[in-house]
Protein chains: 2
Amino acid sequence: MNDLPEGLITGMNEVKGSAGLPDTLVFRLGTLGAVVGDRFAGRIERLDLKPKHVGLLTALGQGSFASQQDLAGRLGVAPSLVVSLADHLESLGALRRVRDPQDRRRQVLTLTDRGHELLAACTAEATTLDGELTAHLDEPERRALHATLGSLATRAGLSTA
Amino acid sequence: MNDLPEGLITGMNEVKGSAGLPDTLVFRLGTLGAVVGDRFAGRIERLDLKPKHVGLLTALGQGSFASQQDLAGRLGVAPSLVVSLADHLESLGALRRVRDPQDRRRQVLTLTDRGHELLAACTAEATTLDGELTAHLDEPERRALHATLGSLATRAGLSTA
DNA sequence: CAGAATCATTCGCACTATGAATGATTTACC
DNA sequence: GGTAAATCATTCATAGTGCGAATGATTCTG
């Protein structure tokens, strides 16, 4: 706890000996993620969707999942939450629940046309926001950022692949 | 916007005409931020701190703020939340509340030595996590990521300066 | 020297997400 | 083959988080 070189902590707004908290990846990703997430949430409000709904839509759009529990694991939330998310999406006509004939305990969630529409609308909003955020970057920088964040995501256990 | 080499975006088993949601900056930042934030939260649990507390500590460590309301604006939360965050940090001995003699409505929040210690401990945890996340990157990549995220942060209204 | 404005604080409320029961269905074992 | 354990979706009660509207103290304005 006290193995830090003294003189490291220089109060006000001076140069730090090593990186200060605001200069860490963790801090940057955390704050940026929160801000960007909030802004995105504001834009999909008109669709009666919240980020978690979009997460479920996205997962369903990527492929079929055996159970809602797998889905829950994928999204990193409790299975009971998947139920209420699916409830809402179903009420919007974005997905259908069908009993799996092979295993009638399972409910197979399938995107409807409306679901694909909503997903496309969300993608459009995200893409627009992307443009606003990266307007000051040149194309190589954008590519590098995209690639690096992708590798971070897989490394952090977020399997897009 | 669609000048991406095809074959780049291979979700699970499909290829989209344009970029899919999971490939947007917004989505990546949102999910990464959430995951990394949660992991960070787990590591500072032993210090009896949560990310929001660290945010307040960080803000206080960066400079003096006139009012708690300015602080609230800085953190993007309601002033009433700053009160409870400060309550907890005060109970940990991390900060002191002193009435501003110039304007006795205001409470000036000041980090104690213990507060600086906690901030340093959080920085250490974040730095460790940084290392784990970026272990597979080479130094130029790390620098580029750091720089780009920094520019995004300022552009997004997160004044680190 | 009143009244409006600003500060920190408290309180009640809404929302989110979780874990523990519940009931239906399937699998495993003897 | 039939019973017990496991697994699934769902409901329910609950904890935690953060906000907005009052409250009381203090300062600014005319």
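The sequence lines fix the lettering, A, B, ..., with proteins before strands; numbering per chain opens at 1.
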To the nearest Å, give me how far apart [atom1] ([X]) and [atom2] ([N]) are.
X        : N      : atom1 : atom2 : result
A:Leu81  : C:dA17 : CG    : P     : 5 Å
A:Leu56  : D:dA9  : CG    : C1'   : 14 Å
B:Gln102 : C:dC7  : CD    : P     : 15 Å
B:Asp100 : C:dA8  : CG    : C1'   : 13 Å
A:Asp103 : D:dT7  : CG    : P     : 12 Å
B:Asp38  : C:dT16 : CG    : C1'   : 14 Å
A:Leu71  : D:dA9  : CG    : P     : 9 Å
B:Arg104 : D:dT26 : CZ    : C1'   : 8 Å

Return the nearest nucleotide to the side chain of [X]; candidates are [options].
X        : options                : answer
B:Asp87  : D:dT26, C:dT10, C:dT26 : C:dT10
A:Ser67  : D:dC8, C:dT18, D:dT27  : D:dC8
B:Lys52  : C:dT6, D:dG18, C:dA8   : D:dG18
B:Arg105 : D:dT26, D:dG16, D:dC8  : D:dT26
B:Ser80  : C:dT18, D:dG20, C:dT26 : D:dG20
A:Arg106 : D:dC19, D:dC8, D:dT11  : D:dC8
B:Val83  : C:dT9, D:dT17, D:dC19  : C:dT9

Problem set entry | Exceeds 12 heavy-atom contacts within 6.0 angstrom, atom CG of A:Asp113 |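 Not buried by this count: 12 neighbours or fewer within 6.0 Å.
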Exercise. Do we see a donor-acceptor contact under 3.5 Å between the side chains of B:Arg106 and B:Gln69?
Worked result: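 No, because no side-chain N or O of B:Arg106 sits under 3.5 Å from a partner of the opposite role on B:Gln69.
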Please confirm whether the shortest side-chain N or O distance from [X] to OP1 or OP2 of [N] is below 4.0 Å.
X       : N      : result
A:Gln68 : D:dT10 : yes
A:Gln69 : D:dC8  : yes
B:Arg97 : C:dT9  : yes

Exercise. If you look at every strand shown and take non-hydrogen atoms under 4.0 Å, does B:Val77 touch a base, only sugar-phosphate, or nothing?
Worked result: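 Result for B:Val77 = sugar-phosphate.
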For this session: Determine the sole option in A:Leu109, A:Leu57, A:Leu56 for which the side-chain contact (heavy atoms from CB on, under 4.5 Å) test with A:Leu85 is passed.
Result: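 Exactly one pass, corresponding to A:Leu56.
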Problem set entry | Whichever of A:Gln107 and B:Gly76 has its nearest DNA chain D nucleotide further upstream toward 5' |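 Checking each residue's closest nucleotide, the 5'-ward one belongs to A:Gln107.
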